[in-house]
Amino acid sequence: MPSYNPKAIEPRWQQYWLTNKTFRTTDSPDRPKLYVLDMFPYPSGAGLHVGHPEGYTATDILCRYQRMRGKNVLHPMGWDAFGLPAEQHAINTGEHPHINTQKNISNFRRQIQSLGFSYDWDREVDTTDPNYFKWTQWIFLVLFDTWYDHDAKKGRPISELPIPPGVVGEDAIARYRDSKRLAYQAEVPVNWCAALGTVLANEEVIDGKSERGGHPVVRMPLRQWLLRITAYAERLIEDLDGLDWSDSIKGMQRNWIGKSEGAEVDFALSGGATIRVYTTRPDTLFGATYMVLSPEHALVPSITTPEQRAAVEAYQLAASRKSEFERTELAKTKTGVFTGAYAVNPVNGERIPVWIADYVLATYGTGAIMAVPAHDERDFEFAKTFSLAIRTVVTPSLEWLSRTGSTADVLTEAYTEDGLACNSGLLDGLTTDTAKAKITAWLREKGLGTRKVNYKLRDWLFSRQRYWGEPFPILHEIDADGNSTGRIEPLSPQELPLTLPELADFKPSGRPEPPLGKATQWVNVTRNGRRYKRETNTMPQWAGSCWYYLRYIDPKNEKAFADPQKLRHWLPVDLYVGGAEHAVLHLLYSRFWHKVLYDRGYVSMPEPFQKLVNQGLILGEVEFTGFQSNGEWVSGKNVKFDGATAKRDDRTQEELTLVKLPEDQVEKIGDQFALKGRPEIRVDARAYKMSKSRGNVINPDVVIDQYGADSLRLYEMFMGPLEATKPWNMRGVDGVSRFLGRVWRLFIDDRSESVQLNDTVQDVPAARDTLRELHRAIQKVTDDLDAMRFNTAIAAMMELTNHLTPLNVRPRSVLETLVLLLAPFAPHLAEELWQALGHSQSLAYEPWPVYDPALLVDTEVEVAVQIAGKIKARVMVQAGLDASALEATVMALPEVVALLQGKTVKKVIVPARGGLVNIVVA
RNA sequence: GCUGGUGUGGCGGAAUGGCAGACGCAGCGGACUUAAAAUCCGCAGAGGCGAAAGUCUCGUGGGGGUUCGAGUCCCCCCACCAGCACCA
């Protein structure tokens, strides 16, 4: 095996690491701990794509590096294996989802191991394993057993819930407790997706369609399990501050929770009822000229006048049938109906009409608003549509008036900025902030309103009408006739795990009745002489992934989800790496569960993931696309192209033929690409997200087969910064593969029959310049690894290799250090070379090289001489000259003297870092 | 619309306010070879002048500013990417 042959090297070392359990982690407290976590994958049938190894390689490099730095590293892997695709497969084939899931897991494990990652495989977890989901169910019971004490700002055991004096009797107390639990049932309007046969969380609905599959979703009321995540809204926002996460992810979480501050105000109706509204602009109360209730608002039936009843009911019915999508995305124009009722504006006693309209959401605030058309875009639009009064109560700036063509009395659009209040009685002349404070205090004094904080976040809809998920450990009591008594009974921890029953048929009914209902044997339970039906909903896929990082800490524990002492030792996760697609869902849910466990004393810190890094998306290869109509080229300038279809950007909207162009048939003109030789014919150039339909998916197996795992790893890290989105380029893999070949040839005689060191490798001291290059590389690689700059670390090793290649004699000590630097990145090659250098042990725990600062500096350095900011000369000077000596040397240079002839030197600047002198002339 | 981010050679990208383009890909020239591949050595931002050595000008999306000095800091604008979006 003379030349570099990853196929021969890599499987051998992978086997070595597995057999020797090289990366098994012990709970030894003698070394500092480091917990590095990858987002575990859903083991799909399609196998790994190149996006997975990106994050996994980054963390693997850091773990290998930190082990060499003496850290005790916890680095596990597992499977988020419940999920719809496996169940869909079961429906199609009749094969139990378990079988298919295990098959996919085996394939994922094989693929992941073929990349040489240093996971501790003894800690592997599988969310579908009863030994795992036993504890998922157990945590659900904790949620069920917890209520949120808003005064203490803490979740507490339900047994500590104070029962109000009015609540008497066993049943009433049980109902009261049930209504306060963090896991509770409610009849709520849900997102029902008929195609998937399940309801979806709000987070899983994008633009009115299911996140998975893009199927239509409709709203319907259903009894569901919910988790009271809203109780933790404030803490979920506050605790973001202490986390080392990107601003964008923190921003997305804050935005999702959607905190806003304002006031609740009561408007009296003529009939004696009051409508409570939420507003963030109480300062505009004098401008409220009408009110709007959501169509679902509880007061609508009672306040509607007989004349308006028919219209109101028709509108309510229409609104309830609309999907969320139709109510929001499609509704460009405002709709609504007058109820016939009038309310009294509490600040000025004015009688204002009460409408219903679906632009007011039942689920936010109080489900009712005061409409201030002059200062709210939606209200303005509505008022215009229905000719309602618009009254300016905040003075717009003159600039705004002239820009919008408005006058203070007649606005052409809503003025939503701050300003001085007007037409507002006691508020006149006050700034928006002051007016808000003043009116809120006034309302409070009169008992008409109060300050109020609201969140967009809603409780987490936690049940799914599917088979392949964790069953709820909950029993519903039934009476002799088989009807529910309304009492619910949790299983005791000793009864866990509650496993799934076998089913002959996995098909969802198309109606919201879970498939588990078909398992009558399983469903019907008698306990202590009472009859129960099991809960037939299952938990969503998020459940298992909410806490898997805890199980890794103690994966085999049968007494607890993990040993408290081990939890204290390993938490928090020091580094968590994964895709940004989980920015809101998984990370928010996980943080919520963690906080509940924290409140209940099961974990010792309030946040699970101290540092979070999102790897960027890897796109497919760049594609050049030209456009043709009847064989004639059409310039991309005149084309609307969405990546799939192209249309002429004119009245004809003619659909054009797409022509894939090879790179050598295009050229760049300015900042555009054009057909080669036809600069007027512009061509589209872009990289697309990898997708099966586009056919641009890169399979890691293929890359490993062709170039080896070390090359794949190295390429993915060399492409650019970890967090950036970047296009794949197979020639780049070729490049790093050639680099590894060059490293190989530094050591190995590639004309020999066996793996044998080159004659040029000798036990000699290194030359000064070689030492300098080596120590610079050590410094660069070390610093870059600490900052997760993998691409520049690799560049530094390439530079060192380029320095060593031409040498006729290569000092063994230098080569040994190079191998150690390379080891985290290309571990198979490094182990092989380490062995060739005569070592019999794995290098996984060799000490990381340390650089000597004294060796970094040159004896001579080049100094650039600028005159008036432009480089005019370069000179070699002795290293370490101080500023004045350097200035003197430079000023004495003949070419500098010549160039300064006839000019006055105003100032000479010598930066502290050296390397440059700037002579400022008058 | 709101929030966050990104704009640097043919391409991926590098650059604590101090020599823009490290490193790699693609390209060009050379060595080795009967030849090719592989490998090794070298050239390489754009443009002008020059036979050449050289030399000058322009250059980090656009416009302004701060500074001796700006890819980097500040203001305005443009384009693209991601997330959110009737949340009162």
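Protein chains get the first letters and strands the later ones, always in sequence-line order, with residue 1 at the start of each.
For the OP1/OP2 pair of B/U3 and a distance below 4.0 Å, the side-chain nitrogens and oxygens of A/Lys250 include no atom meeting the criterion. Contact between the side-chain N/O atoms of A/Ser246 and the OP1/OP2 oxygens of B/G4 is not found at any separation under 4.0 Å.
In this structure A/Thr280 satisfies the side-chain hydrogen bond (donor to acceptor under 3.5 Å, both in side chains) test with no other residue, sequence neighbours excluded. Considering only residues two or more places apart in sequence or on other chains, A/Arg682 meets the side-chain hydrogen bond (donor to acceptor under 3.5 Å, both in side chains) condition with none of them. For A/Thr792, the side-chain hydrogen bond (donor to acceptor under 3.5 Å, both in side chains) partners two or more places apart in sequence, or in a different chain, are A/Asp784.
Under the 4.5 Å side-chain criterion, counting only non-hydrogen atoms from C-beta, A/Phe673 is not in contact with A/Thr625.
For A/Asp759, the CG atom counts as loosely surrounded, since its 6.0 Å shell holds 12 or fewer non-hydrogen atoms of other residues, nucleotides or ligands.
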Please table the atom pairs, donor to acceptor, closer than 3.5 Å between any side-chain atom in residues 860-868 of chain A and protein atoms at least two apart or in another chain.
none

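Here B/C25 is the nucleotide among B/C25, B/A20, B/A88 with the atom lying nearest to any side-chain atom of A/Asn729.
For the contact set between residues 717-727 of chain A and RNA chain B, defined by any heavy atom under 4.0 Å, the members are A/Phe718, A/Met719, A/Pro721, A/Thr725, A/Lys726.
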Would you sketch RNA chain B in dot-bracket for me? Only Watson-Crick or G-U wobble pairs with both distances under 3.5 Å count, crossing pairs as [ ], other-strand pairs as |, the rest as dots.
-> (((((((..(((.....[....))).(((((.......))))).(((((....)))))..(((((..]....))))))))))))....
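Within the nucleic acid shown, A/Lys676 has no heavy atom closer than 4.0 Å to any nucleic acid atom.
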